[in-house]
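Numbered from 1 within each chain, the chains take letters A, B, ... in sequence-line order. Because the structure is predicted, anything quoted here is derived from the model rather than measured.
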Amino acid sequence: MSRERKYAMIIDTRRCVGCSACVFACKTENQVPEGFCRDWVVSITKGSFPNLSLVNRSERCQHCEDAPCVSNCPTEASHYQGDGTVQIDRDLCTGCKACMAACPYDARYIHPDGFADKCSFCSHRIKAGLATTACTQVCPTSALKLVDLNSNDGQAEALLRGREVKIDKPHAGTKPKLLWLL
Amino acid sequence: MIETVTNKLNPQVLPHLQVWGWEVPVYLFCGGLAAGLLVISSGILITRNEANFSYTVRLSALLSPIVLSVGMFALFLDLAYKTHVWRFYTAFVPTSPMSWGSWLLMLFYPLAILQAVLLYEKQLESVGALKGLIGFFRPWKKLLAFVNVHIGSGIGVYTGILLATFYARPLWSNSVLGLVFLLSGMSSATALMLWMAPEEKKRFYSLVDMYLLSLEAFAITVLIIGGVTGSENSHLAMMNLITGNFAPWFWTVSLLGGILVPLSLETLETMGKVRFSPITPALVLVGGLSLRFILVFAGQANPTFF
């Protein structure tokens, strides 16, 4: 019996320099229309001068395990793919925007062609057996890693070992799968 | 690729990323009004002798599906993928209020139209195709009205629950919202009936509307208290509504102008101190519409879920 995959993304905030290469790679790979983005970089500055700290965070759809976009979608256009990712079937989407209203991470937008759109973890690349997304492949500091949490290859464990892990808005109860290493 | 913006894009930066515009509040108002018209006219049909009906009850039953259609058209305009509108009816998703609403509307239309046909039976009996239908359903008129009270209430509550299940928008994430929109829809419907009613029937509709407006004021108070005393998310969202940019509109147009002033006027009118004026129901209707606009827009504004 084949093992079910569970893709997640581990993002090392110590490595991230906020260059936004991930954003441009995604826009190019996925032909994201002008004025929109599937991923973005948030820079958070804390403290007061001269004691300042800066954290860069590359963000995108969290591919939640308990995704409110899926439960609120009236047509099953938003769905779990079975590999731990949340995908949108454009043929089923009505553009009603319920998923946008439901997402605590504001990860979605309406594509000018009428359907809801967001990060897919480059599902077309995963299907082609590449096991990388455009953003992870282009990241110059290797801050972004696409991992399979159900895999026995030890990659996820190695990245997480000894590091403090942050997930965004855990109180939303959505079980997000972007893991930021602090 | 010439674009250089890579920071978080949200409605505060780019307004075109706002989830819902004017179409959804118009739909929610029309849905509530149509539901209210069906509930009130059905309630009267159950409890009163039809021989004493004025044209108001019949006209309300007829208006209900028409008003709903206006709202549905607004909702259709909001769809980004209009040619896929039929996709709502290729699935039923129990966790999606929008899916429930889509299917409930499929029950609403035939039952509301059937009730309108039965109430206009004298005018329609001569239409050959309807004669058999009217004859078949005539004995079940009160049962149909009983079912319609529930279908109408379901749609009225649904217009609020649709928003209330989005916990990512803390202003909406309040279970009282369903009750607020139901009562608001019913008070708007009664106000419209008051407007249409002949002089001798106005007192009845005015009394019903006073009762509904009082309940609505109570429900909105509970909504505000629930938000203010809720989690940090709910608290900030509610404070944004009652003290932020939307506050002047909320307090003056929706609450003062839409509930308290018409409630006072209706009290004076039913006591016979002043003549019934069309201004009173107009205020209730404007108040109901403004409440939908303010809640839909404020719910999408800062502070969102953090």
Side-chain angles (χ1 to χ4, degrees), chain A residues 18-28 31-37 39-43 57-59 68-78 89-106 108-116 168-169 171-174, chain B residues 1-14 16-21 23-24 27 75-76 78-103 162-163 165-170 172-173 231-233 296 299-300 304-306:
Chain A
C19 69
S20 298
C22 51
V23 183
F24 293 119
C26 173
K27 279 174 179 255
T28 308
Q31 296 174 329
V32 178
E34 201 171 320
F36 301 93
C37 57
D39 59 352
W40 57 91
V41 176
V42 174
S43 294
R57 237 170 41 201
S58 175
E59 296 188 349
C69 56
V70 174
S71 59
N72 273 285
C73 176
T75 64
E76 296 177 333
S78 290
D89 186 334
R90 294 179 183 183
D91 259 359
L92 296 177
C93 183
T94 62
C96 73
K97 309 180 195 100
C99 55
M100 283 174 71
C103 177
Y105 306 100
D106 292 322
R108 292 174 171 234
Y109 66 93
I110 292 293
H111 191 283
D113 289 344
F115 51 83
D168 201 14
K169 302 173 187 175
H171 49 289
T174 57
Chain B
M1 185 65 60
I2 53 166
E3 204 172 357
T4 55
V5 176
T6 59
N7 59 330
K8 168 72 175 169
L9 299 178
N10 61 37
Q12 279 72 52
V13 181
L14 297 170
H16 70 269
L17 292 177
Q18 170 127 346
V19 181
W20 286 321
E23 299 90 344
V24 167
Y27 161 66
L75 188 64
F76 175 72
D78 178 69
L79 289 185
Y81 214 144
K82 293 180 176 54
T83 52
H84 275 187
V85 63
W86 56 279
R87 285 293 190 188
F88 283 107
Y89 299 103
T90 57
F92 172 62
V93 182
T95 53
S96 163
M98 206 178 271
S99 186
W100 277 98
S102 305
W103 287 103
L162 175 68
L163 299 182
T165 52
F166 295 127
Y167 63 77
R169 316 287 152 190
W172 299 343
S173 185
S231 66
E232 192 178 5
N233 270 315
V296 168
Q300 298 174 67
T304 51
F305 194 92
F306 60 88

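- In this structure, chain B has a heavy atom under 4.5 Å from the backbone of A:Cys103, while its side chain stays farther away.
- Of the residues considered (A:Ala77, A:Gly95, A:Ala116), A:Gly95 shows the highest number of contacts with chain B, using heavy-atom pairs under 4.5 Å.
- Using a 4.5 Å cut-off between heavy atoms, B:Trp172 touches chain A through its side chain atoms alone.
- Between the side chain of A:Lys97 and the backbone N or O of B:Ala80, no donor-acceptor pair lies under 3.5 Å.
- Rounding to the nearest 0.5 angstrom, the gap separating the CE atom in B:Met98 from the SG atom in A:Cys99 is 9.0 Å.
- Closest heavy-atom contact between A:Pro104 and B:Tyr167: CG-CE1, 4.3 Å.
- Most heavy-atom pairs under 4.5 Å with chain A, from the set B:Val93, B:Thr165, B:Thr83: that is B:Val93.
- A donor-acceptor pair under 3.5 Å is absent between the side-chain atoms of B:Trp20 and the main chain of A:Ala98, judged by distance alone.
- At most 12 heavy atoms of other shown residues, nucleotides or ligands fall within 6.0 angstrom of atom CH2 in B:Trp100.
- Of the atoms belonging to A:Asp168, not a single heavy atom falls under 4.5 Å from chain B.
- Contact count versus chain A (heavy atoms, under 4.5 Å) is highest, among B:Ser96, B:Ser99, B:Gly101, B:Ser102, for B:Ser96.
- Taking the side chain as every heavy atom from C-beta outward, A:Asp91 and B:Arg87 approach each other to under 4.5 Å.
- Here the OH atom belonging to B:Tyr81 is positioned 10.5 Å from the CG atom belonging to A:Leu92, to the nearest 0.5 angstrom.
- Listed options B:Phe166, B:Phe92, B:Trp86, B:Tyr89 were ranked by heavy-atom pairs under 4.5 angstrom with chain A; first place goes to B:Phe166.
- Ranking A:Pro68, A:Pro112, A:Ala101 against chain B, the residue ahead of the rest is A:Ala101, based on heavy-atom pairs under 4.5 Å.
- For the residue pair A:Arg90 and B:His84, the shortest heavy atom distance occurs at O-CE1, 3.4 Å.
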